[in-house]
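Counting convention: from 1, in listed order, for ligands and their atoms alike.
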Amino acid sequence: MKAIIPAAGFGTRFFPASKVVPKELLPVGPRPAIQWIAEEAVAAGADEVVIVTSPGKPQLREYFSVDAAWRGRLAGKSAAEAELDRLEKLSSKIVFAEQREQRGLGHAVLQAAPQCRDAREPVLILLGDALVDGETPASVAMAERSRDSGGASVVGLERVPEERVSRYGIIAGKARTDDPRVYDLTDLVEKPKREEAPSNLAVAGRYLLSPAIFELLASQTPGQGGEIQLTDAIRRLLAFSSVLGYRYPGRRHDIGNPAGYLDCLQSFRV
Ligand code: G1P
């Protein structure tokens, strides 16, 4: 399975720290956020993780290129050596793509299309500013739901308070009677007005999408905010393919803003 982590944003909400530290590299315990996310992808079955970065963010590549000199520096420090082994193992699965213009989440995902050309099963997408805590990682649980449904696309969901629906992609769909966490999607809309939102079930940072999504993204016209929205392409996918929603267990931390990041530091189980 292929996985994509879009991580090309400028991190304006973390400026000025983001001048030198991309938000994805902010530490959560001993490891940066993106390492937790990439490890979640591997746990779910990804054998290659494409990180989509931007020309102004060389630090992400730097982090995953492990310089041999570290072996010598860490010799005899067993905890740090174990971390180095862990990082090296993960790094062998990481490749990069670049988003040269900031044209939205859908456009960022599209930049990973060349690496996913041969994908025959749904591609896992993990947003670089969402960490999910829980016994079973969100992507692992979603991959199971997808397999149970013959390889269907699955969108990770979370219930949000009504006053916050306009910050998210919101779905319309019906919960299954045999598993009320699973929804058969009938529609989804990016950042609707509160009074127009079809539900309070928000798209929450994790997606498993049919490779057909790339063709749809390539022809996707700009939507909300003038950006190429992943939500809009999923909406078109729905027209010819079944897409499930899955209210994954576990708590999502929005680490894309300083308050959410500080909250994550208090409660993320490292
Ligand atoms: C993105 C998606 C949105 C989703 C949200 C949280 O929005 O476009 O559909 O609900 O992530 O996963 P952003 O937070 O980048 O504005």
Side-chain angles (χ1 to χ4, degrees), residues 3-14 18 22-24 33-34 36-37 40-41 52-54 99 101-112 124-134 137-139 142 153-173 183 185 187-194 196-209 213 216-217 220-238 243-248 250-261 263-264:
I4 304 172
I5 306 178
F10 293 133
T12 43
R13 283 176 290 181
F14 279 102
S18 54
K23 64 178 177 183
E24 296 84 4
I34 198 158
W36 293 108
I37 296 170
E40 179 186 324
V52 182
T53 182
S54 57
Q99 186 190 26
E101 293 166 278
Q102 304 284 308
R103 293 178 57 200
L105 177 59
H107 181 255
V109 169
L110 181 60
Q111 307 316 303
L124 176 63
I125 300 166
L126 309 93
L127 300 196
D129 55 12
L131 278 193
V132 186
D133 233 347
S139 305
M142 285 171 55
S153 296
V154 183
V155 174
L157 300 177
E158 175 184 313
R159 226 178 253 296
V160 297
E162 309 259 309
E163 63 275 14
R164 299 181 60 177
V165 289
S166 60
R167 299 184 190 188
Y168 296 97
I170 300 290
I171 66 120
Y183 296 78
L185 256 62
D187 202 1
L188 70 172
V189 49
E190 182 68 9
K191 302 194 172 75
K193 289 192 186 124
R194 184 177 175 173
E196 287 165 12
S199 74
N200 67 343
L201 287 164
V203 176
R206 299 289 184 271
Y207 310 78
L208 250 176
L209 299 177
I213 200 70
L216 296 169
L217 285 170
Q220 186 60 53
T221 50
Q224 206 273 337
E227 298 190 333
I228 310 281
Q229 297 291 351
L230 182 57
T231 301
D232 294 341
I234 301 171
R235 189 164 197 252
R236 286 164 62 217
L237 182 65
L238 253 179
V243 180
L244 304 179
Y246 181 58
R247 202 156 42 75
Y248 56 69
R251 177 167 170 221
R252 180 179 61 98
H253 297 276
D254 180 359
I255 53 166
N257 66 83
Y261 172 62
D263 182 61
C264 176

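- The backbone of A204, and not its side chain, has at least one atom closer than 4.0 Å to an atom of ligand 1 (non-hydrogen atoms only; backbone = N, CA, C, O).
- The CZ atom of F14 lies 7.5 Å from the CD1 atom of I255; values are rounded to the nearest 0.5 Å.
- Taking a cutoff of 4.0 Å between a charged side-chain nitrogen and a carboxylate oxygen, R235 and E190 do not qualify as a salt bridge.
- Below 4.0 Å from some heavy atom of Y168 lie the following atoms of ligand 1, by number and element: 6 (C), 10 (O).
- Side-chain atoms of Q102 come within 3.5 Å of backbone N or O of A8 as a donor-acceptor pair.
- The shortest N/O to N/O separation between K191 and ligand 1 falls below 3.5 Å.
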Stepwise side-chain hydrogen bond (donor to acceptor under 3.5 Å, both in side chains) check, N200 with R159: CA-CA 6 Å; N200 67 343; R159 226 178 253 296; 3.0 Å; yes
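- At least one N or O atom of V203, backbone or side chain, sits closer than 3.5 Å to an N or O atom of ligand 1.
- To the nearest 0.5 Å, atom OH of residue Y183 and atom CG of residue L188 are 14.5 Å apart.
- The contact set between ligand 1 and G169, taken as ligand atoms under 4.0 Å from a residue heavy atom, comprises 3 (C), 4 (C), 9 (O), 10 (O).
- Counting protein heavy atoms only, atom 11 (O) of ligand 1 is closest to L127 CD1, 3.4 Å.
- Below 4.0 Å from some heavy atom of T231 lie the following atoms of ligand 1, by number and element: 9 (O).
- Of the protein's heavy atoms, at least one falls inside 4.0 Å of atom 8 (O) of ligand 1.
- Atom CG of L124 and atom CE of M142 lie 6.5 Å apart (nearest 0.5 Å).
- Residue G205 has at least one nitrogen or oxygen atom sitting less than 3.5 Å from a nitrogen or oxygen atom of ligand 1, judged on distance alone.
- Ligand 1 has no N or O atom lying under 3.5 Å from any N or O atom of L105, backbone or side chain.
- In this structure, the separation between CG on L244 and CG on L208 is 10.0 Å, given to the nearest 0.5 Å.
- Salt bridge annotation for D263-R251: present, with a cationic side-chain nitrogen under 4.0 angstrom from a carboxylate oxygen.
- In this structure, atom 16 (O) of ligand 1 has protein heavy atoms in its sub-4.0 angstrom surroundings.
- At least one N or O atom of E190 sits closer than 3.5 Å to an N or O atom of ligand 1.
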